[in-house]
Amino acid sequence: MAVAAAKEETFRKYSTEEAQRYAQYRQDYSQALYDAVLLFHASSGGKNGTLVDVGCGPGNVTRALGTHFQQAIGLDASPSMALQADEISRAAGATTRSGEPLSFYQSSAESLGADLDEGHAIRDGSVDLVTVANAAHWFDMPAFWRAARRVLRPRGTVAVWIPGEGLVHPSTPGAAALDAVLQRFITRDLLPHYLPGNFLFRDRYRSLPVPWTADPPVRGFDRGAFERREWDIAYDKPFVRGGDRPVGLDVIEAAASTMSPVTRWREANAELVGTERDVVRVLRRDMEAVLRENGVAEGEERVRMIMDGTLLLFKKSG
């Protein structure tokens, strides 16, 4: 049975500073993943007119795929995220296939641009590819599917993906013990602050409502064209760009701080934020202890991860 996600409020309330930190420490996706989306889209009758990236965050996906489309639009429910994506894209000189700048707006996944002012609203039947990266677990999926059906052209594509939790690479000293530390961090510290969407994430979208399992079902999508692809930890092409490179504990600590359950833990334990009892600080110290026990010198602590993920591909009938 499909599980509905709770409405996400943590990221929607992000300040400018929080959005900047998210943009700095959340990793982009690999070219192999982007190529898989583009190949599926083209080989199944998709065109390269308009891309809409929903829940765009700092705009990584909008920029990466926007170069293949005449128009590229990023939407995010958080005004700070949409603004951050726009600033990064302008600073990078990012453009579409036609040379136009990318566009970013505050809009929910459920309205999918229908709530924008005249001149910017996304018209019915005007979109070729809708992407959703690491965000669908926060959507009202039946409403999203109705909105996607509205905006897509016939044979348009919806590509939805999510990274996994990953594993510590065996080449890292104390890899098994580090994996145990990370799992304890999740189950002991974060699970009490999980929302239904976080459980959809952990389940790798196996229970995510898709058009034919939504309540009520959403017609207009080709069930026979649906594909679910798994990037397991043995796959030779990475899911996350640079996901298998060793990183320092400063990066791990900063990246963990962008997780929504960590934000909620800190809201519930405001007096501990910034102290040695902060949940992410405890994680770092536990990882340091394992690395030291396995011969890693102070200041040399680095961890190599293996990142997995899941990609879901849908086609509008037509």
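Index from 1, following the sequence.
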Establish, yes or no, whether a centroid distance under 6.0 Å links the rings of Y205 and W161.
no
Quick one about D115 and Y105 (side-chain donor to acceptor, distance below 3.5 Å, no hydrogens or angles considered), yes or no?
no
Any sub-3.5 Å donor-acceptor pair from R123's side-chain atoms to V151's backbone N or O?
no
For residues A256 and V280, report the shortest heavy-atom separation together with the two atoms involved.
CB-CG1, 4.0 Å
At their closest point, which heavy atom of V303 faces which heavy atom of M287, and how far apart are they?
CG2-CE, 3.9 Å
Verdict with reasoning, E110 to R146, per salt bridge (Lys or Arg N to Asp or Glu O under 4.0 Å):
CA-CA 8 Å; E110 295 77 20; R146 291 191 294 271; over 6 Å; no
Heavy-atom closest pair (G57 atom, A85 atom, distance to 0.1 Å) is O-CB, 3.4 Å
Are there more than 12 heavy atoms of other residues, nucleotides or ligands under 6.0 Å from atom CZ of R285?
yes
Would you compute the distance between atom CG of L311 and atom CZ of F239 and round it to the nearest 0.5 angstrom?
6.5 Å
Evaluate the side-chain proximity of W231 to L33: yes if any heavy-atom separation is below 4.5 Å, no if none is.
yes
Do L112 and R150 come close enough that some side-chain heavy atom pair is under 4.5 Å?
yes
Tell me yes or no: between the side chains of S257 and R266, is some donor less than 3.5 Å from an acceptor?
yes
Distance only, no hydrogens: is a donor on one side chain within 3.5 Å (strictly under) of an acceptor on the other, for R63 and S89?
yes
Check the angle between the aromatic planes of H193 and W265 and answer parallel, tilted or perpendicular using the 30° and 60° thresholds.
perpendicular
Using a cut-off of 6.0 Å, state whether more than 12 heavy atoms not belonging to R188 lie near its atom CZ.
yes
With the 4.5 Å side-chain cut-off for hydrophobic clustering, are V282 and I186 part of the same group?
no
Are the side chain of T172 and the backbone N or O of V168 linked by a donor-acceptor pair below 3.5 Å?
no
Given 3.5 Å as the limit, does a donor-acceptor pair link the side chain of K316 with the main chain of P154, or not?
no
Separation of L208 CG from I162 CD1 (nearest 0.5 Å):
8.5 Å
Does the separation of the ring centres of F221 and F314 fall below 6.0 angstrom?
no
Do the side chains of L83 and F104 join up, straight or via other hydrophobic residues, at under 4.5 Å, putting them in one cluster?
no
R241-S30 side chain donor-acceptor pair, cut-off 3.5 Å
no
So CG of L249 and CD of E301: to nearest 0.5 Å the spacing works out to 5.5 Å
Using 0.5 Å steps for rounding, measure from the CD atom of E165 to the CE atom of M307.
9.0 Å
Under 3.5 Å, side chain of R155 to main-chain N/O of G46, donor-acceptor pair present?
no
Has the side chain of N198 got a donor or acceptor atom that lies under 3.5 Å from a matching backbone atom of L195?
yes
Would Y194 end up clustered with V279 when hydrophobic side chains under 4.5 Å apart are linked, directly or stepwise?
yes
Verdict with supporting geometry, W212 and R223, side chain to side chain contact (heavy atoms under 4.5 Å, CB included):
CA-CA 8 Å; W212 40 91; R223 187 170 183 174; 3.4 Å; yes
Any D286 side-chain heavy atom under 4.5 Å of L178 side chain:
no
Carefully, step by step, assess H41 and H68 under the rule side chain to side chain contact (heavy atoms under 4.5 Å, CB included).
CA-CA 11 Å; H41 178 63; H68 299 271; over 6 Å; no
Among V54, V52, L51, find the one that has a side-chain contact (heavy atoms from CB on, under 4.5 Å) with T131.
L51
Test salt bridge (Lys or Arg N to Asp or Glu O under 4.0 Å) on D189 and R184 and set out the steps.
CA-CA 7 Å; D189 300 321; R184 185 171 68 243; over 6 Å; no
Is there a donor-acceptor pair closer than 3.5 Å between any side-chain N or O of W145 and the backbone N or O of P209?
yes
Do other residues, nucleotides or ligands put more than 12 heavy atoms under 6.0 Å from the CZ atom of R90?
no
For T157 and V37: C-alpha separation, side-chain torsions, deciding distance, then whether side chain to side chain contact (heavy atoms under 4.5 Å, CB included) applies.
CA-CA 9 Å; T157 302; V37 172; 5.6 Å; no
Taking all atoms of both residues into account, what is the closest heavy-atom pair of S260 and W138, and its distance?
OG-CZ2, 3.6 Å
For the residue pair F139 and F144, categorise the inter-ring angle as parallel (less than 30°), tilted (30 to 60°) or perpendicular (more than 60°).
tilted
Determine, step by step, whether L190 and R264 satisfy the side chain to side chain contact (heavy atoms under 4.5 Å, CB included) criterion, reporting the C-alpha distance in whole Å, the side-chain angles of both residues, the deciding distance to 0.1 Å, and the verdict.
CA-CA 9 Å; L190 300 192; R264 291 190 288 276; over 6 Å; no
Is there a path of hydrophobic side-chain contacts, each under 4.5 Å between heavy atoms of I/L/V/M/F/W/Y residues, joining V273 to L283?
no
So, for L291 and P173, which heavy atoms are closest and what is the spacing to 0.1 Å?
CD2-O, 3.6 Å
Is the closest side-chain heavy-atom distance between T310 and R228 below 4.5 Å?
yes
Quiz question: by atom type and distance under 3.5 Å, do the side chains of S98 and T96 form a donor-acceptor pair?
yes
Please tell me whether L129 and L102 are part of a single hydrophobic cluster in this structure, the criterion being side-chain heavy atoms less than 4.5 Å apart.
no
Is the shortest side-chain heavy-atom distance between R229 and F40 below 4.5 Å?
yes
Could you check whether any side-chain heavy atom of P101 comes within less than 4.5 Å of a side-chain heavy atom of T95, counting everything from C-beta outward?
no
When you compare the side chains of S108 and S111, does any donor N or O come within less than 3.5 Å of an acceptor on the partner?
yes
So, are R277 and E271 salt-bridged, with charged N and O less than 4.0 Å apart?
no
If you define the side chain from C-beta out and look only at heavy atoms, does anything of H137 sit under 4.5 Å from F199?
no
When rounded to the nearest 0.5 angstrom, what distance separates NZ in K47 from CD in Q70?
13.0 Å
Taking all non-hydrogen atoms of both residues, which atom of D308 and which atom of G166 are closest, and how far apart?
OD1-N, 3.4 Å
Answer yes or no: does atom CD of E298 have more than 12 heavy-atom neighbours from other residues, nucleotides or ligands under 6.0 Å?
no
Taking the side chain as every heavy atom from C-beta outward, state whether N48 and D128 have any atom pair closer than 4.5 Å.
no
Between OG1 of T50 and CD1 of I122, what distance do you get to the nearest 0.5 Å?
8.5 Å
Please check if atom CZ in R206 has more than 12 non-hydrogen atoms from other residues, nucleotides or ligands closer than 6.0 Å.
yes
Run the salt-bridge test on R302 and E300 with the 4.0 Å N-O cut-off and return the result as yes or no.
no
